[in-house]
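Right, one structure below, let's go through it.
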Amino acid sequence: MFSSLLNRRAALGQLSLSAVLALAPKLAAAQTPNSEGGAVDAAISEPFSPDLLRDKARALAAAPYAKPPAPATITGLTYDEYFQIRFRKDADLWKDRTPAFRAEFFPPAWLYPRPLPIFEVVAGLARPIAFDPAMFDIPGEHADVAKSWNGFSGFRLLWPLNEPGKMDEVAVFQGASYFRSLGRGQRYGLSARGLAIGAGEPNEEFPDFTSFWLERPAIDGDAVVVHALMDSPSCAGAYSFTIRPGDDVVFEVSASIFPRATMTKTGVAAMSSMFLFNVADASPVDDYRTGVHDSDGLAIWTGRDEHIWRPLQNPKAHRLSSFLDQDPKGFGLVQRARTLEDFGDLQARYDLRPSLWVEPLDAWGEGAVHLAELATTKETDDNIAIFWRPKSPWKAGSQVDLRYRLHWGQERFASPDARVFRTRTGADAKAGLRLFTVDLQGGALAEGLDGVAMDLQAQGGEIVWRDLSPYPDEAAARVAFGVRPKAANMDLTLRLTRGDQVVSETWKYLWTA
């Protein structure tokens, strides 16, 4: 019943294109000069602005949801064959605007059969980007597949992220409302999405980005702006993304959501990742590697100024956890394991996967960060999801405005106090105990352990012994303890204090029999 999240990588292209085609541009009349001295063909253009996009979303939500027709079945392409298709560099959008951004497009094939209207915006006018199968290099034995193509299924943005003059992917939008990015020197891992509805639960709803508008960037600009119209049975929405590459790639997101019905299971700033195993969580399969995961922890900076670290797990059964908060300062999925030997995988290079941090730009009120952890035996499954769910439902006919930043790259906004860098678990079967070690480093631990105490709690268990020792590394310590389970689930909490001051982030762990 949770297969929709597990099979995200294999399902994105199956998610629906809305009836947005009815909102296609109206024909205008003449040539209109743009701000850079060139011309925009107004014969196929219409005015565009974020306000007009919100008006479209509002009008879409006021009408009954129109389920799109099933796309034509596209056969004959495997995963490898699809990714042998290449967009031709001479067809790049903005190819004459080096060293700024470029855009390339994906064909409607394999798991992505639905064509999406995509427009370029110049000087307040939007024109459709014309589709032509000749834009793609297709292996000869599969050339006939292009005869059924009639539009793009998504796009990627390029910018010289790693080397001057060398264009690298900095963002991809393809499938439902999913998109992804990464930081300098990294490889793709986790994904974000515009909105989650019932994530990790039965009958999850997947909103779609149904049209895109790409604003032509300035030649010497440091940002590119993407707009999207969203539609789903429960709501419609207008999104704007201002994307700034650097050591990290930062998305500034502005969204307006218009519910068709009262919504109680929304997931704001949702993201999906993969966790199979690491040293704290045994592999469910026979594997030579020491760890396999795109992310290893959920980090939360609460409105109370507490930093929480929750190690991810691959549970025996699907489970949902929630962390109540008010006006959170941020949260995200983080990859703290950063050495090759944390994984032992020379091909996948999980040590180079990005972390993703959500920074709210407004007060979000009461709600909770939710974590879905789904059991899996495959590293191709995205079995982890997190999102913010507001306490108050979104009412039908209302407008919900959201603003937040997404930071893709290294961990940002981490606790200035000691942070957890490793968790290990085991058992003392003879004594009936579960054993834990939690290694922390940084912050006040640089002053040594004099006066440092453990604040350790075990809901559903009895702590039998505990120990705090210096770790053989500068500014580091190990907490070790044995706990006797008294229930099928134990909620464990640990933090370090010195006097009345907290000197570490809060470690939380859910143990299940």
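Numbers for residues simply follow the sequence, beginning at 1.
For A236 against A57, the heavy-atom pair with the smallest separation is CB-O, 3.5 Å. Between I308 and K508, the closest heavy-atom pair is CG2-CD, 3.9 Å.
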Practice item. List the steps, then state whether ring pair (Phe, Tyr, Trp, His ring centres under 6.0 Å) holds for F323 with F331. Key: CA-CA 11 Å; F323 303 83; F331 59 91; over 10 Å; no

Point to revise | side-chain contact (heavy atoms from CB on, under 4.5 Å) assessment of L161 paired with M167 | key: CA-CA 7 Å; L161 184 64; M167 304 301 285; over 6 Å; no

Point to revise | Stepwise side-chain hydrogen bond (donor to acceptor under 3.5 Å, both in side chains) check, Q335 with S295 | key: CA-CA 4 Å; Q335 185 81 308; S295 311; 5.4 Å; no

Practice item. Apply the test ring pair (Phe, Tyr, Trp, His ring centres under 6.0 Å) to residues F155 and F106: give CA-CA distance (whole Å), side-chain angles for both, the deciding distance (0.1 Å), then the verdict. Key: CA-CA 6 Å; F155 62 94; F106 299 121; 8.1 Å; no

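Aromatic rings from F436 and Y509 are positioned such that their centres are separated by under 6.0 Å. Less than 6.0 angstrom separates the ring centroid of F173 from the ring centroid of F241. The aromatic ring centres of F48 and H227 sit less than 6.0 Å apart.
Results of the ring-ring contact (aromatic ring centres under 6.0 Å, His included) test with F105 over W149, F87, Y112 single out F87 as the only residue that passes. For the side chain to side chain contact (heavy atoms under 4.5 Å, CB included) with Y471, the qualifying choice from L440, L445, D439 is D439, the only one to do so.
Between F209 and Y239, the ring planes lie perpendicular to each other; the angle is over 60°, past the 30° to 60° tilted range. Taking the six-membered ring where the residue is Trp, H370 and F387 present parallel rings, their angle staying beneath 30° rather than reaching 60°. Classified by interplanar angle (parallel below 30°, tilted 30° to 60°, perpendicular above 60°), the ring pair W364/W388 is tilted. A perpendicular orientation is assigned to the rings of F83 and W110, their planes being inclined by more than 60° (bins at 30° and 60°).
Judged by distance alone, the side chain of D281 and the main-chain N or O of N278 form no donor-acceptor pair under 3.5 Å. A distance-only check finds a donor-acceptor pair linking the side chain of R336 to the backbone of V420 [under 3.5 Å]. Between the E205 side chain and the S234 main chain, a donor and an acceptor come within less than 3.5 Å of each other. Remark: side-chain polar atoms of D296 are not paired, donor with acceptor, to backbone N or O of L312 under 3.5 angstrom. Side-chain atoms of T210 come within 3.5 Å of backbone N or O of L229 as a donor-acceptor pair.
If you check the side chains of H318 and E373, you find no donor sitting under 3.5 Å from an acceptor.
For K89, the NZ atom counts as densely surrounded, since its 6.0 Å shell holds more than 12 non-hydrogen atoms of other residues, nucleotides or ligands.
Judged by the 6.0 Å distance and 45° axis criteria, R180 is not positioned over the aromatic ring of W408.
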